[in-house]
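Please read the structure below before turning to the comments.
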2 protein chains.
Amino acid sequence: MIYTLKQFAEMFNTTEHTIRYYTDINLLPCQRDKGNRRIFNDESVNWMQGIACLKGCGASIEDIKEYCELCRLPESKETLYARYQIILRQREQAYKRVEDAKATAAYMDEKVQHYEQILSGLIPDDSNPENWTEDTRPKKH
Amino acid sequence: MIYTLKQFAEMFNTTEHTIRYYTDINLLPCQRDKGNRRIFNDESVNWMQGIACLKGCGASIEDIKEYCELCRLPESKETLYARYQIILRQREQAYKRVEDAKATAAYMDEKVQHYEQILSGLIPDDSNPENWTEDTRPKKH
DNA sequence: CATTGACTTCGAGTAACTCGAATTTACTAT
DNA sequence: ATAGTAAATTCGAGTTACTCGAAGTCAATG
């Protein structure tokens, strides 16, 4: 299966500009069709998945590039081990992000409660739709 | 209690440069001593806590500034409600971040497993301490 | 009185996009 | 064959949120 730039960008919820940028800096290699247009295939999808994930860990473009280059090198015990080490380190960061995000969310819950307490004391004008708000709390599944 | 720039930056695990930047753009107001040096107090700590938290939600400096300015305005039903709306929206983002980080961490767990499987097949040289690695999985408390 | 250390301003640099203008290409309709 | 449209191209400039370093100021200490 092959994808145009537009399709590819949509698949990853990003912009054509960003994908173009990634290919320009050789982070994400791509083929060109006879009209010089970028085309992507299922292998590109795999690479991009890895890139997106490392980005999610907070890795810099340079770090991600380093990892991708290790992956393109002939596979040896050493390169595999180096890749493993990078992945281990980035997983740490991912877990740290979970904890940070949880703490932030908890603090925001407090703030929401605080405002709700104050606002409830202000005899809200419930007849005014501008004062209506949905329950926006994250649903527990 | 008052704090110097250095102390204040350390409290928030950031750099003096960043705090200087925040004061320069009027995101975080500060007093000056007779020698024109920036000084911070407990109120600054509160502001900075709020700023750090909104940043943790992914809010832009401009958005945070807008919120801070609403907080400095005379308190009315309207300004309070506007602040509440911002906090609600940012809490959403915080919860989204938790989910994203969790998904990323899970994907990284898979990658780690994948590498461990491959590497375990390579008859590791356990006598070489360079091949030893600690258990770096996040501890469940 | 000289040195140290922490501060000051200011201007330039960086990462990772982000945008837009001008151009090229492929397709489709007349 | 031509005209129009949509989607691609390159390239250079702009943006955000820092990040760094140079050059200068100020107060306390040896």
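Just so we're on the same page: letters track the sequence lines, and every chain starts at 1.
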Ring pair (Phe, Tyr, Trp, His ring centres under 6.0 Å), that's the test. Do A/Phe40 and A/Phe8 meet it? Break it down for me. CA-CA 7 Å; A/Phe40 303 89; A/Phe8 195 75; 4.2 Å; yes

[X] side chain, from C-beta outward: closest of [options]:
X: B/Tyr21; options: C/dT8, D/dG21, D/dC18; answer: D/dC18
X: B/Arg38; options: D/dT10, C/dT9, C/dC7; answer: C/dT9
X: A/Thr18; options: C/dA16, C/dC17, C/dA6; answer: C/dC17
X: B/Arg20; options: C/dT9, C/dA6, D/dT9; answer: C/dT9
X: B/Tyr22; options: D/dA8, D/dC18, C/dT9; answer: D/dC18

Whole-Å distance separating the [atom1] atom of [X] from the [atom2] atom of [N]:
X: A/Arg32; N: D/dT9; atom1: CZ; atom2: C1'; result: 8 Å
X: A/Leu27; N: C/dC17; atom1: CG; atom2: P; result: 9 Å
X: B/Arg37; N: C/dG5; atom1: CZ; atom2: P; result: 15 Å
X: A/Lys6; N: D/dA8; atom1: NZ; atom2: C1'; result: 11 Å
X: B/Leu54; N: D/dA17; atom1: CG; atom2: C1'; result: 16 Å
X: A/Leu28; N: C/dC17; atom1: CG; atom2: C1'; result: 15 Å
X: B/Glu16; N: C/dC7; atom1: CD; atom2: P; result: 5 Å
X: B/His17; N: C/dC7; atom1: NE2; atom2: P; result: 12 Å

Looking only at side-chain N and O atoms, does B/Lys55 come under 4.0 Å of OP1 or OP2 in D/dC18? yes

Please check the phosphate of D/dA7 (OP1 and OP2 only) for any side-chain N or O of A/Thr4 closer than 4.0 Å.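 For D/dA7, neither OP1 nor OP2 has a side-chain N or O of A/Thr4 closer than 4.0 Å.
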
Write down the atom of B/Gly56, the atom of A/Thr104, and the distance for their closest heavy-atom approach.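 Shortest heavy-atom contact: C-CG2, 3.8 Å.
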
Determine the contact category for B/Ile25: base if any of its heavy atoms lies under 4.0 Å from a base atom, sugar-phosphate if only primed atoms, P, OP1 or OP2 are that close, otherwise nothing. nothing

Does B/Ser60 reach a base, just sugar-phosphate, or nothing at all? Heavy atoms under 4.0 Å. sugar-phosphate

So, does A/Thr18 use its side chain to make a donor-acceptor pair with the main chain of A/Thr14 at under 3.5 Å? no

Establish, from distance only, whether the side-chain atoms of B/Arg38 and B/Thr23 form a donor-acceptor pair under 3.5 Å.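 Their side chains do contain a donor-acceptor pair, which is all the 3.5 Å distance test asks for.
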
Is the closest side-chain donor-acceptor distance between B/Tyr95 and A/Asp109 under 3.5 Å? yes

